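Notes follow the structure.
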Amino acid sequence: MSRSVDKSLRRAQLHMKAGEVTQAEEIYRQVLSKFPKNKQAIQGYQSLTTPPQVAVDKLIGLFNSGRLKETVIFGQALAAQFPNAPILYEILGATNLTLGNTSETIKHYRKLLHLKPRHTDAYNNLGMIYYDRGHFAQAAEIYQKVVEIEPKFADAHYNLGNAMTQMGDLRKAIESYEAAFAISPKDIEVLISYGNALKDYGNFKEAIEFYTKALQINPNLPDIKNNMDHALEQNSEIDKLALDYSKMTKKELKSPEVIHFIGNIFATRNYNDTAIDKYKQALNMEPDYAEAYNSLGIAFKNKNNLHNAIQNYKKAISIKLDYA
């Protein structure tokens, strides 16, 4: 048994000298599967995954000094010798990302994630590549993994919000920006994106709050000032229309009829998500409100959610049989 092991270890060393790392790795694994405490096999296997610190320091030095092409050449040479060293793929991924070599970047980050499945920075950078390519669903899926692994990763929440915004899912975008804001309340990019998502959703009052926070950090944001003025104008108009309707119908501002009317205002301005929220609010107050179900059906139809549209139309008819 001992002679067989010694023979296997000598073969592994010969493969290493010949640069045949994969073959050497397989032999070490076979030995360790039978003799997990064999020191020579452990050291040999570790030597495959751990480049000398001098070589790693040299690679990092090349990257930090901006000698990116040299970093790639030297890093690939080391990776050929140490194919299971995560640090090499981390540096190669970052280098190719800086150079704009997206296919190479993806390859190296995928390899890194194979070796270290919970490497959140690799996931986050990979998500940025897919986002820049316009593959927003793939980017969102990757960012979701990051926040599941590391819930306090503010950049990942923010990036997930951006991907959801591009996909038109403002509800999820707002949730993600909210999570990023809770972790980094003074990050101006988070404040601006959060405000924009709230404005596009139709939540003008909260949008104004976040624009105000952003302007307190940097008053020189002309686009944000314009967005804030637009939100103020929209909010003021809607409040006035709601008040006028309340006076005309002699209904309280918080009555289901006025809330339904406010939903109609949002719907006519293509803020269908906010309209849906208002209609649901009215229905929570008055469950047999046929007109609100009909409006809810229209809003879902406008969002191309035909299943929910049909269900709400049916509900309206069940309440009001002659509802033409």
Side-chain angles (χ1 to χ4, degrees), residues 136-137 140 161 163-179 193-212 226-324:
F136 304 119
M164 288 299 174
T165 298
Q166 293 294 336
M167 293 166 66
D169 190 343
L170 289 175
R171 290 180 190 270
K172 181 62 178 177
I174 288 170
E175 289 176 11
S176 297
Y177 291 137
E178 183 179 11
S193 296
Y194 196 0
N196 288 340
L198 289 164
K199 177 182 71 68
D200 292 341
Y201 189 84
N203 193 337
F204 302 116
K205 290 181 181 178
E206 280 197 58
I208 292 164
E209 290 179 19
F210 284 94
Y211 287 146
T212 301
N226 292 336
N227 287 348
M228 187 171 180
D229 288 342
H230 175 73
L232 285 165
E233 181 183 347
Q234 292 283 321
N235 189 62
S236 178
E237 285 182 12
I238 290 170
D239 283 350
K240 184 179 183 306
L241 288 168
L243 184 60
D244 290 345
Y245 183 79
S246 174
K247 289 178 179 178
M248 182 182 70
T249 59
K250 297 182 180 179
K251 298 285 186 180
E252 295 291 331
L253 277 170
K254 294 184 178 180
S255 68
E257 292 83 3
V258 175
I259 292 170
H260 175 250
F261 173 76
I262 294 171
N264 289 340
I265 297 172
F266 280 107
T268 58
R269 300 182 183 201
N270 292 320
Y271 294 105
N272 289 296
D273 286 314
T274 305
I276 288 169
D277 289 344
K278 295 297 180 184
Y279 297 143
K280 287 181 177 180
Q281 185 182 346
L283 285 164
N284 284 335
M285 300 168 70
E286 188 176 328
D288 291 333
Y289 196 169
E291 287 79 4
Y293 278 113
N294 184 58
S295 298
L296 194 54
I298 294 170
F300 276 120
K301 179 175 177 291
N302 289 338
K303 285 177 63 65
N304 204 34
N305 188 335
L306 302 184
H307 174 76
N308 279 347
I310 289 168
Q311 295 306 310
N312 282 285
Y313 291 143
K314 285 182 176 180
K315 185 68 177 177
I317 292 169
S318 72
I319 296 168
K320 193 173 180 180
L321 297 176
D322 60 346
Y323 196 175

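None of these values were measured; they are calculated from a predicted model.
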**OP:** Apply side chain to side chain donor-acceptor pair (under 3.5 Å) to the pair N203 and E206, showing each step before the final yes or no.
**Re:** CA-CA 6 Å; N203 193 337; E206 280 197 58; 3.2 Å; yes
**OP:** Could you check Q234 against Y271 for side-chain contact (heavy atoms from CB on, under 4.5 Å), going step by step and ending with a plain yes or no?
**Re:** CA-CA 12 Å; Q234 292 283 321; Y271 294 105; 4.3 Å; yes
**OP:** Go through F204 and E233 one step at a time and tell me if the side-chain contact (heavy atoms from CB on, under 4.5 Å) criterion holds.
**Re:** CA-CA 9 Å; F204 302 116; E233 181 183 347; over 6 Å; no
**OP:** Could you check Y201 against F266 for ring pair (Phe, Tyr, Trp, His ring centres under 6.0 Å), going step by step and ending with a plain yes or no?
**Re:** CA-CA 10 Å; Y201 189 84; F266 280 107; 8.9 Å; no
**OP:** Kindly determine whether I262 and Y245 satisfy side-chain contact (heavy atoms from CB on, under 4.5 Å), including the steps that lead there.
**Re:** CA-CA 9 Å; I262 294 171; Y245 183 79; over 6 Å; no
**OP:** Check the pair E252 / V258 against side-chain contact (heavy atoms from CB on, under 4.5 Å), numbers first and verdict last.
**Re:** CA-CA 7 Å; E252 295 291 331; V258 175; over 6 Å; no
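Using a 4.0 Å cut-off between charged side-chain N and carboxylate O, D288 and K320 make no salt bridge. With salt bridges taken as basic N to acidic carboxylate O contacts below 4.0 Å, one links R269 and E237. A salt bridge between R171 and D277 is present, with a side-chain N of the basic residue lying under 4.0 Å from a carboxylate O of the acidic one.
A316 and N294 make their closest contact through CB-N, 3.9 Å (heavy atoms, listed as atom of the first residue, atom of the second, distance). When every heavy atom of Y289 is checked against every heavy atom of I319, the shortest pair comes out as N-CD1, 4.4 Å. A231 approaches I208 most closely through the heavy-atom pair CB-CG1, 3.8 Å. Here the shortest heavy-atom pairing between L253 and I259 reads O-CG1, 4.2 Å. Nearest heavy atom pair, residue M164 against residue A140, reads CE-CB, 4.0 Å. The heavy-atom pair separating H260 from S295 by the smallest distance is NE2-OG, 2.8 Å.
Rounded to the nearest 0.5 angstrom, E286 CD and E291 CD are separated by 8.5 Å. Within the model, atoms CZ of F136 and CG of D169 stand 14.0 Å from one another, a figure rounded to the nearest 0.5 Å. Atom CG of N312 and atom CD1 of I298 lie 10.5 Å apart (nearest 0.5 Å). Here the straight-line distance linking atom OH of Y194 with atom CD of E209 works out to 9.5 Å at 0.5 Å rounding. The distance from the CG atom of N227 to the NZ atom of K199 is 5.0 Å, given to the nearest 0.5 Å. How far NZ of K301 is from OH of Y313: 6.0 Å, rounded to the nearest 0.5 Å.
Ring centers of F300 and Y279: at least 6.0 Å apart, outside the cut-off.
Between the side chain of T268 and the backbone N or O of I265 there is at least one donor-acceptor pair closer than 3.5 Å. For T165 (side chain) and A173 (main-chain N/O), no donor-acceptor pair under 3.5 Å exists by modelled atom type.
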